[in-house]
Q: 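Before anything else, here's the structure in question.
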Amino acid sequence: MAATPITKPVSLGPIPTESPKIDEHVDYKNLPCPIPYEEIHREALMSLKPDVFEGARFDYNKALSPKFFLSHSVSMGPMEVPSQSPETLKIPTSNYEFGANYVDPQLMLIGRISHEGRLSARLKYDLLDDLTLKGNGQLTSEPHMSHAMGTLDYKGADYRAQFQFGGGALLGANYIQSVTPNLSLGGELFYAGQHRKSGVGYAARYSNDKMVATGQVASTGMVALSYVQKASEKVSLATEFMYNYLSRDVTASVGYDAILRQARVRGKIDSNGCATAFLEERLSPGLGFLISAELDHWKKDYKFGFGMNVGE
């Protein structure tokens, strides 16, 4: 009788196992509240629009209480005046401003008056938990330079709405809505009764932990695109593209914003050949030093300024 052959089991090797996919479900009923429509470019503006100045500046702040403090500001430097010459015409000027400030979690009042009698004021008051009144105005002896504007800002769970009103029969409204956790879309409309002009605009903003991208277009001809890349927690790189399809004007800019241990450095350069740098350094608690520089090679206009900040 023939023996039955013994067969060896065939090794199939390890059976591959698939890790279960994580279901990234988006709760569209619990989206974050977007930033205000007027601030969608704020990260790019911090890098590309530093507060440059020319000449010398000295600012002193004195706290009288935790909520109330006074300020004194002195500046000396040239001022640009209109001229038919292609080169910039400047005349030496000086200015002093006295300020009073009241800052509270519910109410903020800021006032400034210059030695020439120009008065400016800002107001922010929380009428309700979700409704805020904002206002700003200026009074001056110069013709057609006085103005006032008010804004009602309503903050919803995943949207914001604003209504604006001002002098010259100026009316405006905007709305921005979160459509995903990272993307928000909005629109605006305005009417200037004094000039009999009206317009509409649209905007989109996408942001996460590493970048912010925004786009805005308006019937006035403006197209604005900006992108900010956060290289680290303290370093950001920004770029901006501005185009007006009515006048055909176009400008592109790149800039940076670096926060160091005791200083902050910002700068930019644009397609018109204008380079800007701005340094804020904290020498000690309550004492700061400023350096500002702007080189406009196209207009042959060069600006340099330095300043001091005293007080918190």
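Source: prediction; values computed, not measured.
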Q: Might you point out which heavy atoms bring Ala203 and Ile40 nearest each other, and give the distance in Å?
A: CB-CD1, 3.5 Å

Q: Mind checking ring-ring contact (aromatic ring centres under 6.0 Å, His included) for His72 and listing every partner two or more places apart, or none if nothing turns up?
A: Phe98

Q: Could you walk me through whether Tyr60 and Leu70 pass side-chain contact (heavy atoms from CB on, under 4.5 Å), step by step?
A: CA-CA 8 Å; Tyr60 175 73; Leu70 304 177; over 6 Å; no

Q: Is there a path of hydrophobic side-chain contacts, each under 4.5 Å between heavy atoms of I/L/V/M/F/W/Y residues, joining Tyr37 to Leu131?
A: no

Q: What do you reckon, is NZ of Lys124 surrounded by more than 12 foreign heavy atoms closer than 6.0 Å?
A: no

Q: Assess the side chains of Arg248 and Tyr243: does a donor N or O sit below 3.5 Å from an acceptor N or O?
A: yes

Q: Any idea which heavy atoms bring Ser226 and His41 closest together, and the distance?
A: OG-ND1, 3.2 Å

Q: Output yes when Arg205 and Glu43 qualify as a salt bridge under the 4.0 Å nitrogen-oxygen rule, no when they do not.
A: yes

Q: Considering residues at least two apart in sequence or located in another chain, which fulfil the ring-ring contact (aromatic ring centres under 6.0 Å, His included) criterion with Tyr159?
A: Tyr175

Q: Asp126 and Gln106: side-chain donor and acceptor closer than 3.5 Å?
A: no

Q: At their closest point, which heavy atom of Asp51 faces which heavy atom of Phe278, and how far apart are they?
A: O-CE1, 3.2 Å

Q: Within a 6.0 Å radius of atom CE on Met76, are there more than 12 heavy atoms belonging to other residues, nucleotides or ligands?
A: no

Q: Are Leu290 and Phe304 connected, step by step, through hydrophobic side chains (Ile, Leu, Val, Met, Phe, Trp, Tyr) whose heavy atoms are closer than 4.5 Å?
A: no

Q: Answer yes or no: are there more than 12 heavy-atom neighbours, outside Phe306 itself, under 6.0 Å from its atom CZ?
A: no

Q: Verify whether one side chain among Ser207 and Asn182 offers a donor that lies under 3.5 Å from an acceptor in the other.
A: no

Q: When you check the gap from the basic side-chain N to the acidic O, do Glu294 and Lys303 get nearer than 4.0 Å?
A: yes

Q: If you define the side chain from C-beta out and look only at heavy atoms, does anything of Cys274 sit under 4.5 Å from Ile269?
A: no

Q: Linking I/L/V/M/F/W/Y whenever their side-chain heavy atoms sit closer than 4.5 Å, directly or via other members, would Met222 and Val250 fall into one cluster?
A: no

Q: Within the supplied structure, the quantity of interest is the number of heavy atoms (other residues, nucleotides, ligands) at a distance under 6.0 Å from Tyr102 OH; does it exceed 12?
A: yes

Q: Hey, does Asp209 have a side-chain heavy atom less than 4.5 Å from the side chain of Lys230?
A: no

Q: If you look only at pairs with a residue in residues 110-121, which of them pass as a salt bridge (Lys or Arg N to Asp or Glu O under 4.0 Å), with sequence neighbours excluded?
A: Glu97-Arg118, Glu116-Arg118

